[in-house]
Amino acid sequence: MNPLLAALLRGLLAILCLLTAFAYTMVLERKVLGYFQLRWGPTKVGPWGMLQPLADAVKMVLKEDIRPAGIDRFIYALAPGISLFAALAIFAAVPIGPNAAVTDPPGGLLYVLALAALGVYGVSLGGWSSQSKYALLGSLRATAQMISYELAMGMAVLAVVVAAGTVSLTGVVQAQASIWFVLPEIVAFVIFLICATAEGNRAPFDLAEAESELVAGYHTEFTGLRFAMFVMAEYIDMIVLAVVGALLFLGGWRGPAPVPGFIWLLLKTGVLIFLQMWVRATFPRLRYDKLMDFGWKWLLPFAFLNLAGTAIIVALRG
Amino acid sequence: MIMRLLTDGIGEVDLRDIGTYRARGGYRAVENALRRMSPKEVADEVSAANLRGRGGAGFPAGRKWSFLPGDGRPRYLCVNGDESEPGSFNNRMLVEDNPHLLVEGVICSSYAIGCSFAVIYLRGEFYEGAAIMGRALEQAAEAGYVGEHILGSDYSLRIVVHRGAGAYICGEESALLESIEGKRGHPRVKPPFPAVAGLYASPTVVNTVETLCCVPSIVNNGGAWFAGIGSPKSPGTKICSISGHVRRPGNYELVMGTPLRELVEEHAGGIRDGHRLKMILPAGASSAAMTPDQLDTPLDFDAMAAAGSLLGSAGLIVCDETTCAVKVALLGESFYAHESCGKCTPCREGTKWVEKVLARLEGGQGRPEDVDLLKSLVGEIGGGKCLCPLGDFAVTYLGSALKLFEDEFVAHAHGRTCSERLQARPTASVATGEVLSA
Amino acid sequence: MITLTIDGKTVSVEPGTLLVEAARAAGRDIPVYCYHPKLAPAGACRMCLVEIEKMPKLQTACTTPVSEGMAVHTTTARVKEAQHGVLELLLINHPLDCPICDKGGECDLQDFTLRYGPPSSRFLDGKIHRKKALDCPPFLVIDEERCILCQRCVRYEDEILHERNIVLIERGSHMTIGTEGRDDYGGYYSGNNTELCPVGALTSRPYRFKSRPWDLKMTPTICTQCSLHCNVRADVRHGDLMRLMIHDNPQVDGGWLCDRGRYAIGDAKAAERLSHPLVRGGEVSWDIALAEVQNALEAGPVAGLGGGRLTNEAAAAFKQICGTVDWRVGRQTYARVPGVAEATPSDLSEADVIVLVDTCPMEEAPILDLRIRHHKRVIDVGPVPGMRVGPAERVVCAPDGVAEALRGLDLSAAKHPVVVWNGRGELVEAIRALGAPVLMVHEVANARGAHDAGLETEGDILAACAEGKIHTLWLAGANPLRSYPADVRAALEKVPVLIVSDLYPTEVTELATIVLPVAGPFERAGTFTNLGGLTQTAAAVVAPRGLSDERIFQRLRPAAQPAKDLPARRSFQGGNLLVRPHLWSGGGNTRFDRTLEAARTALATVRVHPSQGLAAGTHVMINDVHEAVVAVDPGLHPAVVVVPDRTFAGLGADARLRAVVPA
Amino acid sequence: MAETSTETMVLNMGPQHPSTHGVLRLIVEVDGETIVRCQPDIGFLHTGIEKQFETHTWQQAVTDSDRMDYLSPLTNNLGYVLAVERLLEIQVPPRCEAIRVLFCELSRVSSHLVWLGTSALELGAQSIFFYCFQAREAILDMFEATAGVRMNPSYMRVGGLMYDIPPQLPGMVARFLEELPRWLADFRALLDGNPIFRERVVGVGVLGREQALAYGVTGPSLRAAGVAWDVRKAYPYSGYERYEFGVPTRTDGDVWARYEVRMAEMEESGKIIRQAMAGMPDGAWKTDDRKVALPPREELHRSMEALIHHFKLVAQGFNVPAGAVYQPVEGPRGEIGFYVVSDGGAHPYRVRVRPPSFYNTAVLTRLLEGRLLADAVAIIASLDMVMGEVDR
Amino acid sequence: MGGLVKGLATTLKYLRRPRATVDYPAKERPYPERFRGLHILDRDAEGLERCVGCELCAAACPVHCITVEAAENPVGAPYSAGERYAWRYEIDLLRCIFCGYCEEACPEDAIQLTPRHDLLSNKREDFLVGKDWLTVPRQ
């Protein structure tokens, strides 16, 4: 088979998987939040509300497509696409098994970091283009937030790269044969988790959409499919970063029992996603300036120190 | 002390016959008045006699007459013979047994007040009395005492007998006038009093039979003579009807001021054997009960009032200890509830309610709060809240009994009746005026 | 003036004023049941007991006149206790009817109980039960249980009506009110009882269960059923006229209403009302109908008849539009006697002699009769007795001998004579000769206003119609087939265009080319001038059905020249059949709504003299068409038979009365 | 260096905005995210309730009072009926007073729970919102069991109450009192130690003592500024003088202090509820003045007097002697006062309400200036205004 | 940090608590006897309408959502005991505030508020309910 065609097919398969995963992550989140909050979550569509995503999709498609007056039509239309594209594209370089990836380039991790940072363009442009003060504030916050946390995340990941000695994700997984990086790189892990949450604009870092302050932030003016794309991007981001987190810190598809590695990865990803939901259910939102403080004054120095420490240890060992 | 001024000859001769009556000096007063006295002189004599109305209130007749305005309207004299008070039967005796005395009194009085039309209003049940009266009037007319130019003088007088339809209320003077006018017997609003606007809106004098029967002797003997009989403030005699648990019930004409004890113990022969006096209702069912310790009260208007009761028409009802105070109240209230004219609210509604409560008490279905309820109802009906005094009369006995015999009421209210004791009581009916006659 | 203090407040009133009124002047309400300002005090209910200084007993404020320096207290503990007691006693036998009682919410018993009465009952021994919901046709419903025996109704009958329709029955706690020995109310004034009654013992059949007082919007206006124009209060609920109440105007009605005035209110809701304009029998829009009218008005000589229903404003517009107009569509010829002073209703009270000229006020202006019936001296001239209640000096004469009889009267000794006349017959000279002010009783409600607006024409319009001289005849509230003395069907049929504006379909709407449905009473505002010359305003209280007359005239421009050369008005020979007004005739309406039609006697009554040999209750035929019942009236002129007006269509001078052979 | 633009932006927060408690509109001028100026704009929930009082009978008007501060309707009920009762000069029986206190304190807890839940939600903490509402459910169940309705019970009447408390109520109260400390502990566990929360509230929105007094701020907001002012202590009503409870105060005057005060107040309310339930007197639960209170239903079928009073009181109501009173009560948001004027008729001539939220809203202008947009949310929430009450 | 963990522990605790919501309309929570839901017009022991059309409910209603029009009971076939009945009884449920004043006002115990509260329609006129809707069926 033509490798290009095969890659395309793999890509398509990955996209389908991601979309399905998105749909069910959303149901799962609603269920989990419901259970945290003494509710049931969705129950009406299908058994246990399992067909809810279908209903939501139908609803989203049928919703009136509102375009506010005076917007930059091109960018307004483009923005959700950027966000979704970025989220989906990350997965191209993420392996889900020893030889299971759309493509597994040697510098996959760099690709992941780069694309993860790209998502914010969608948010920024979407907010900026929709001629709404709330959306603008949301997009400004998102941009600032991204800058604040991108560095710390990079440094945390860098520590793993240093420890693993490779920027290939498969390599990083293989490097955890003896010990998952979560233990030696616990600081990096925590920083990664925090930054991943912030990257995904999820609570308590959901400043860009901060409902009670900015109504709906950057996507205030988006409806129907466009809105759905933002939501999809957010969830897919979360999933992908959880997979990446599992790969980087939790040993990827490796596991003690003789179960397929894919299952292991799924479990670990699930744990990370649940963790995010749990946090969302529990914590209040940070204030904008505190978020910046936290990012620059705490996370970055710690990440740097951790990187330095790791580097020193690796150097000493090496 | 018995003094037979009005009852002279009753039971001895047939006074219904004008001949007999004249033979005993009858119609001398008419002749005296018309031939020798001016109307004013007659009126003055009556005033001098201090003749007080025998109907109950004791208002001096002379003063009543003096109220008539002289404005050219015709004047009327109405004789109140609507004797309906339970226990009272003295007017009936006068009407039936001494009719000419009344006619003579009416003529003298009419002459005195300048009236040429007089009505003798008799109680509906006095069927016989009305017939006797009618015959007496015929005889008097034949003899020239009634009619045009009496005894050849300028004075003319028509007297008619009007029989009521059987309503206690018509003993009240304004209701009596309404009744004569052919209307429903309802008391009128006063003022104006009948003396100013009475029968057919003209000046009218209303006097009781017994009052007017006193006039002939005053005309004959002079006011001063009459004023000298009995109590200074209530001169003359009073026919007392006594009934109940005495040995000799009946009418006794006594000098005013005779002690109650004398009437009960001497003339009426005392309480029936083996029993003792419990109470006396001195003016029929409408009066406050008197107890044995009040037996020395003189029988005159003021002394009786001072004793907390009234002389009224002197229809004394004597009860011994077998009498149940509650039962007496019930009989009385049944009478008032039946006889209330219905015009004003407290009497119409109140008497019926009181009757219902008393019937319950009497029947053993009393409730503890009933005694207080009765006391409160006595206050709601009595105390001058009604249009005519009959409302007050309706609860006078009950009010006094609730004070004097409260224990009996309380006992009834707790469901205890005194029926055993009442077994011994002879049958009687208050409503017919022959109460408890042993 | 007498000065006294009431609850410490000093007030000065006329001598003879009763305490209850003085208290009212001082701003103190003393509760009363039996007292009513228009009735003599009775002192029966004992509700108004007050404490007067220096008087040991409580006194009734409704019977006690004021005296100088009196000090009255209305709120002392004794007074309160007395009020409490009276109310408690009034309530013991009162049925638990508030929820179903029409009076609920405007009941004095409720109001005073709430204000002065006991809050809970001590009475546990069964109530006395009496008859409930007794129908007393035509309009009253009697509930004996609710009666508190204030006797206002009985006294009203005695003192105001001098009738005895409602009397006291039985005695004491069994006493009640009722129509002794009858099952209906005989008079024309039953409705006032429902207002006098302080509780729900006397309620009215038409208003039965219709509304609650708190739902009513109350507007003062006037009644236009007869020419007196009594003042009323129109009570409207949710846009529907529910009832009329007394709205005292001493100059006009003295605070009473007759039954026709009170109950003729169903027009607004009547099912049989005309709903659409009709042109030649077809329903059309108003625009088309008015265009047709406009054409008709321009096509030839125009004349108009009517005026009884029209407001003064509408009458003026009618005159402007039709030119030749006349309100005299019935038997009445004059609205005023030229050259004679006009009397007012109040003059009747001042008058020492009242002369009734072949007029029956009780039928023609019933409330006027309440001023006449207890008058000391009434001379009643005519073939038919005009005084039904109360004493009168009857001057019986033949129908054509009224003028003669009047010439025999000498009123020179009278200080304030008043002549009451209904404007019928050629009596002007004879009446003028009496030299007394005349109070005209009109056949139609606003005759006086129509007269003032100039709705009078020399000559007979209908005769002109018969001669073909009129192209367009407009009947505005007139039905000549019923009210015209002669049969004029032929004349109406001869008119090329007959316009009828009316509320209901009538005999003339059948003949009409154009029918315009118009707003009825209480649906349109405007002024009316009453028989005493008093102009008053009627209010529109309900939504109109159709356009008002005035609005119709406004939408047409003033039109054509009046027709000329009309023949002189014919006079009619009365024969021995006299048509006389009765309560349900006259006014401005051509007919009534169905509820009232039903309330009227099923068969009309003809009155004959005993010498005619007809027994009361005999059925007779008039013109072999109309059936009627005979009533015997010895007060009639022997040669006279009286037929109620407006009951039969087309009764002319040639009408014949035929007795159905009695079995 | 190029000049940086210092242009500010006017942001329209509300009237439909997730955090503005109903329909408050804030015209906010922001420099970036910093608020330069803030102007509250009220009136979007103007219902004319004060005017509506005038169209109702005195008794019907109770339903109007419910609908102003719909989070503690019974407190409003109480303020209004107390005012009318003072005009009428009637006393309600002790049982009625105790029940009123019981329900007012339940209302206070219920209202504070809504405040806590929504405040936390606005700061982004989701679950606690549900926990608060779940805790409040028990109170609403009590309202429902007692008055039949959860939201606007109109349970109080001039002269008493609509009904007596139902037999199951004491058990419900006891269960609730048992649960309340556990709930509060959980809330504190979720918030007190949370650094994110503390950062959002400590030192934010400081309302000084002087400023609070100058603006007429009352209730927890005033007490958080160090003034121990509580109408229940200052002018006790409905027998509050017989209860032992503290008036929690803080001195910082920031959002945290207000949070602390309200949390402590819920505990104090718990104490009052316990005392009210324990000392609940037997006997009548409405006045025996039949000229005001409806007669017992069982009398309607036998007593004419009762029927008439019922009919008149229901249909046309009672008259209240002419006069005017001001009756304050301590609502969850502060002093809610009813200035009631009677012209002697069957309807209020005028009812003017002193709504604590109105004064608390007024001070917003001062508190928001210079703060961040995100603080605005925290501050608005901490002042706990109800727009139904502000606008009336 | 400790505070965050404590918070996480607290929410975790609630994960296993019973749910507070009910799967309405499949299940309904119990309603207290006094619940003020939709109205009924009751009948008496003989099966006659209790309502006599006295209009007190309409007077007591603070929002004027009740319209009553009364009439005289037909002889022989009465709707209610006594002379009077309501031929028209309408409640505008959209206006109703369920305050229960009508129930309190009714001297005949005719109008009652029940725990029923399933008020749903997309037509305005469905909320204007009349006697046929309100009156409980004859037993």
Side-chain angles (χ1 to χ4, degrees), chain B residues 165-170 174 183-192 334-361 365 367 369-370 372-374 376-392 394, chain C residues 18 33-35 40-49 55-60 62-65 67 78-79 81-94 118 121-128 147-151 154-155 158 164 167-177:
Chain B
Y168 178 71
I169 186 64
C170 291
S174 61
K183 298 177 189 159
R184 178 170 273 265
H186 274 182
R188 291 178 181 172
V189 171
K190 287 181 263 188
S334 301
F335 172 78
Y336 286 110
H338 180 258
E339 287 294 342
S340 169
C341 80
K343 180 165 183 179
C344 74
T345 312
C347 170
R348 177 183 70 233
E349 306 288 347
T351 50
K352 193 73 191 172
W353 188 3
V354 170
E355 185 198 355
K356 283 180 175 172
V357 175
L358 287 171
R360 241 188 21 235
L361 283 181
Q365 270 93 49
R367 284 187 280 261
E369 64 271 23
D370 280 343
D372 284 337
L373 176 64
L374 283 175
S376 144
L377 287 177
V378 166
E380 276 177 21
I381 302 167
K385 293 193 182 69
C386 291
L387 179 60
C388 77
L390 269 56
D392 291 339
Chain C
L18 296 170
Y33 288 121
C34 67
Y35 173 75
C45 70
R46 316 308 286 172
M47 193 62 222
C48 62
L49 290 170
M55 288 201 180
K57 287 197 262 181
L58 299 177
Q59 300 293 317
T60 46
C62 76
T63 61
T64 313
S67 61
R78 275 177 75 198
V79 172
E81 190 200 320
Q83 290 168 337
H84 210 273
V86 169
L87 281 166
E88 177 173 32
L89 294 170
L90 282 175
L91 292 177
I92 60 171
N93 282 318
H94 200 83
S121 186
R122 296 188 291 174
F123 182 77
L124 300 165
D125 316 85
K127 290 178 186 276
I128 296 177
C147 179
I148 58 165
L149 293 164
C150 68
Q151 306 174 30
V154 178
R155 284 148 59 215
D158 265 2
R164 287 203 158 193
V167 293
L168 290 171
I169 302 169
E170 286 287 348
R171 184 177 73 185
S173 52
H174 295 282
M175 192 158 86
T176 184
I177 51 161

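We name chains A, B, ... by the order of the sequence lines, and we start the count at 1 in each one.
- By the 6.0 Å contact criterion, CZ on C:R164 is open, its count of non-hydrogen atoms from other residues, nucleotides or ligands being 12 or less.
- Counting heavy-atom pairs closer than 4.5 Å to chain B, the top residue among C:L124, C:V167, C:V86, C:T64 is C:L124.
- Scored by the ring pair (Phe, Tyr, Trp, His ring centres under 6.0 Å) test, B:Y168 finds B:F335, B:Y336 as partners (sequence neighbours excluded).
- Both the backbone and the side chain of C:F123 come within contact range of chain B, with heavy atoms under 4.5 Å apart.
- Contact tally against chain C (heavy-atom pairs below 4.5 Å) for B:G379, B:S376, B:C344: the top residue is B:C344.
- Between C:Q151 and B:K343 the shortest side-chain heavy-atom distance falls below 4.5 Å.
- With a 4.5 Å cut-off on non-hydrogen atoms, B:H338 touches chain C through its backbone and its side chain both.
- Residue contact with chain C, scored on non-hydrogen atoms closer than 4.5 Å, is absent for B:A359.
- In this structure, the side chain of B:R184 engages the main chain of C:L168 through a donor-acceptor pair within 3.5 Å.
- A heavy-atom distance below 4.5 Å is not found between the side chains of B:E380 and C:E81.
- Distance alone, capped at 3.5 Å, is enough to place a donor-acceptor pair between the C:R46 side chain and the B:K385 backbone.
- Contacts between C:L149 and chain B at a heavy-atom distance below 4.5 Å involve backbone atoms as well as side-chain atoms.
- Residue with the most contacts toward chain B among C:T60, C:L58, C:I92: C:I92 (heavy-atom pairs, distance under 4.5 Å).
- If you measure heavy-atom distances from C:E170 to chain B, the contacts under 4.5 Å come from the backbone alone.
- Note on C:G43, C:S173, C:A82: by heavy-atom pairs under 4.5 Å with chain B, the leading option is C:S173.
- Ranked by non-hydrogen atom pairs under 4.5 Å with chain C, the options B:A337, B:C386, B:C347, B:P191 are led by B:C386.
- Residue with the most contacts toward chain C among B:E369, B:H186, B:R188: B:H186 (heavy-atom pairs, distance under 4.5 Å).
- Taking C:T176 as the reference, nothing meets the side chain to side chain donor-acceptor pair (under 3.5 Å) condition, with sequence neighbours excluded.
- With a 4.5 Å cut-off on non-hydrogen atoms, C:L49 touches chain B through its side chain but not through its backbone.
- For the side chain to side chain donor-acceptor pair (under 3.5 Å) test, residues two or more places apart in sequence or in another chain that qualify with B:R360 are B:D370, C:D125.
- The structure places CZ of C:R122 at 5.5 Å from CG of B:L377, a figure rounded to the nearest 0.5 Å.
- Once rounded to the nearest 0.5 Å, the distance linking CE of C:M47 with OG1 of B:T345 reads 9.0 Å.
- Contacts between residues 348-357 of chain B and chain C, defined by a heavy-atom separation under 4.5 Å, are made by B:R348, B:E349, B:G350, B:K352, B:W353, B:K356, B:V357.
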